[in-house]
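Let me begin by presenting the structure, written as structure tokens, before commenting on it.
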Amino acid sequence: LTPVTLFLVFLEESMLVAQTLYDKSEYIETLTGNKVSKKSVLCGANNIRLAGKTIIKPGAIIRGDLMNIIFGRLCMIGEDVVIRPSYKRFKSGIAYFPMTVGDHVFIGDNSVIAAASIGSHVYIGKNCIISKRCILKDCCHIPDNTVLPPDTVVPSFTIYNNSTVHVQEGGGASNIKNGATEELSESFQEVMKDFTASVYESFTPSSS
């Protein structure tokens with residue numbers, strides 16, 4: 001089986017896992033269904049927008065104090081994730097840029113995100129570093145332990161490998177410098193929709 005096939009099998013099997021129980025007293029739940037751990041840190045909370053049904057787990061840090069960060073629906077933010085806006089240095093100082101994160105996005109534990117934008121239906125594994133000004137298009141997969149250099153663009157329907165730099169031409173992914181990549185099937189969009197919905201629905205408060 002190819003890495004792409006194995007990954008899709010992993011997501012499909014993950015939809016069948018048992019419920020994940022959490023202590024309701026340790027989370028804040030909003031009217032739109034967001035579940036935010038009280039052990040997470042949302043700096044500049046007025047600049048952080050959650051569209052709904054997003055889970056933010058303990059230890060996560062979101063730096064809305066630097067610039068606006070907007071999340072779509074059904075985003076899953078793992079433990080100890082750091083999300084901060086992208087920036088660029090100028091002679092006059094540092095300029096931060098707003099960050100947007102689409103719908104149905106999963107970010108694994110201990111990842112550090114400083115992307116300019118993340119599209120919808122994106123899976124980012126554990127222990128990843130997404131450097132400043134990176135752009136992740138819709139429907140892409142960043143495997144565990146991946147480091148994206150600054151200004152990397154990851155095209156839609158691709159799985160990114162550490163040594164790969166993608167070039168997008170005419171709406172598709174061309175190959176590529178310093179490595180190899182694989183394409184994801186068009187079903188990845190529906191798989192991510194089902195996967196994030198399953199993660200959210202299985203995240204339920206304990207009875208105690």
Side-chain angles (χ1 to χ4, degrees), residues 19-90 92-138 140 142 148 150-151 154 192-193 195-206 208:
Q19 289 183 324
T20 301
L21 300 178
Y22 69 93
D23 185 343
K24 193 170 184 179
S25 67
E26 295 294 326
Y27 278 78
I28 297 171
E29 185 166 358
T30 71
L31 293 175
T32 54
N34 300 306
K35 298 178 180 182
V36 181
S37 171
K38 293 179 181 178
K39 295 181 180 179
S40 63
V41 179
L42 275 60
C43 304
N46 290 337
N47 295 329
I48 300 170
R49 300 181 187 177
L50 308 176
K53 293 191 173 182
T54 284
I55 298 172
I56 300 177
K57 291 192 172 180
I61 300 173
I62 302 178
R63 295 296 306 274
D65 57 320
L66 300 174
M67 185 54 70
N68 295 340
I69 303 177
I70 300 174
F71 294 89
R73 291 177 58 80
L74 284 162
C75 293
M76 308 295 132
I77 313 301
E79 294 186 14
D80 300 315
V81 167
V82 177
I83 299 176
R84 56 176 179 247
S86 183
Y87 69 91
K88 189 170 184 178
R89 293 183 182 275
F90 297 94
S92 57
I94 297 176
Y96 287 92
F97 307 107
M99 177 190 291
T100 58
V101 179
D103 302 325
H104 303 285
V105 173
F106 181 92
I107 302 176
D109 298 345
N110 300 302
S111 288
V112 178
I113 312 295
S117 65
I118 297 174
S120 295
H121 316 106
V122 172
Y123 185 100
I124 300 172
K126 299 178 181 179
N127 306 311
C128 292
I129 298 176
I130 311 300
S131 301
K132 57 188 178 183
R133 300 186 302 276
C134 288
I135 298 174
L136 279 58
K137 299 295 184 72
D138 294 343
C140 63
I142 311 300
L148 268 64
D151 303 300
V154 181
M192 282 302 298
K193 283 182 180 179
F195 174 67
T196 52
S198 176
V199 171
Y200 182 85
E201 294 300 329
S202 67
F203 192 72
T204 56
S206 59
S208 58

- Enter the distance from I61:CD1 to I56:CD1 here, rounded to the nearest 0.5 Å. 12.0 Å
- Among I107, L50, I118, V105, which residue meets the side-chain contact (heavy atoms from CB on, under 4.5 Å) test with C75? V105
- Note on the structure: Applying side chain to side chain contact (heavy atoms under 4.5 Å, CB included) to N127 and not counting sequence neighbours gives N110, N145
- Minimum side-chain heavy-atom gap Y200-I55 below 4.5 Å: yes
- Which pairs, with at least one residue in residues 74-87 and sequence neighbours excluded, count as a side chain to side chain donor-acceptor pair (under 3.5 Å)? none
- Query: Could you state the interatomic distance from OG (S37) to CD1 (I28), rounded to the nearest 0.5 Å?
  - Reply: 8.5 Å
- Task: List the atom of R73, the atom of D103, and the distance in Å for their closest heavy-atom pair.
- Result: N-OD1, 2.7 Å
- Query: Is there side-chain contact between I48 and N46, with heavy atoms separated by less than 4.5 Å?
  - Reply: no
- Query: Side chains of I142 and L136: does their closest heavy-atom pair fall under 4.5 Å?
  - Reply: yes
- Task: Keeping the roles fixed (side chain from N47, backbone from G64), state whether a donor-acceptor pair exists under 3.5 Å.
- Result: yes
- Can you see which heavy atom on V122 is nearest to which on K137, and at what distance? CG2-O, 3.5 Å
- Message: If you compare all heavy atoms of Y96 against all heavy atoms of P85, which two are closest, and at what distance to 0.1 Å?
- Response: CD2-O, 3.9 Å
- Query: Any salt bridge (charged side-chain N to carboxylate O under 4.0 Å, His left out) pairs touching residues 53-70, not counting sequence neighbours?
  - Reply: R63-D65
- So the salt bridge (charged side-chain N to carboxylate O under 4.0 Å, His left out) pairs with at least one residue in residues 107-134 (sequence neighbours excluded) are R133-D151
- Message: Would you say that Y22 contacts S206 through its side chain, given a criterion of any heavy-atom pair below 4.5 Å between the two side chains?
- Response: no
- Message: Pair L42, V36 - check side-chain contact (heavy atoms from CB on, under 4.5 Å), show working.
- Response: CA-CA 9 Å; L42 275 60; V36 181; 4.1 Å; yes
- Mind listing the closest non-hydrogen atom pair of L74 and A197 along with its distance? CD2-CA, 4.2 Å
- Is the shortest heavy-atom distance from the side chain of I69 to the side chain of I62 under 4.5 Å? yes
- Query: Which heavy-atom pair separates S111 from I124 by the least distance, and what is that distance?
  - Reply: OG-CG2, 4.3 Å
- Message: To the nearest 0.5 Å, what is the distance between OG1 on T196 and CD on E201?
- Response: 10.0 Å
- Query: Looking only at heavy atoms, which two atoms of P150 and S131 are closest? And how far apart?
  - Reply: N-CB, 3.5 Å
- Query: Any salt bridge (charged side-chain N to carboxylate O under 4.0 Å, His left out) pairs touching residues 26-45, not counting sequence neighbours?
  - Reply: none
- Item | Close side-chain approach of K193 and H121, heavy atoms under 4.5 Å | yes
- Message: With heavy-atom distances below 4.5 Å as the criterion, would you say the side chains of I83 and I77 are in contact?
- Response: yes
- Would you call F71 and R49 a side-chain contact if the rule is heavy atoms closer than 4.5 Å? no
- Whether Y27 and F203 hold their rings parallel, tilted or perpendicular, with breakpoints at 30° and 60°: perpendicular
- Query: Is there a side-chain contact (heavy atoms from CB on, under 4.5 Å) between K88 and F97 once you walk through the steps?
  - Reply: CA-CA 8 Å; K88 189 170 184 178; F97 307 107; 3.8 Å; yes
- Partners meeting side chain to side chain contact (heavy atoms under 4.5 Å, CB included) with S117 (sequence neighbours left out): T100, I135
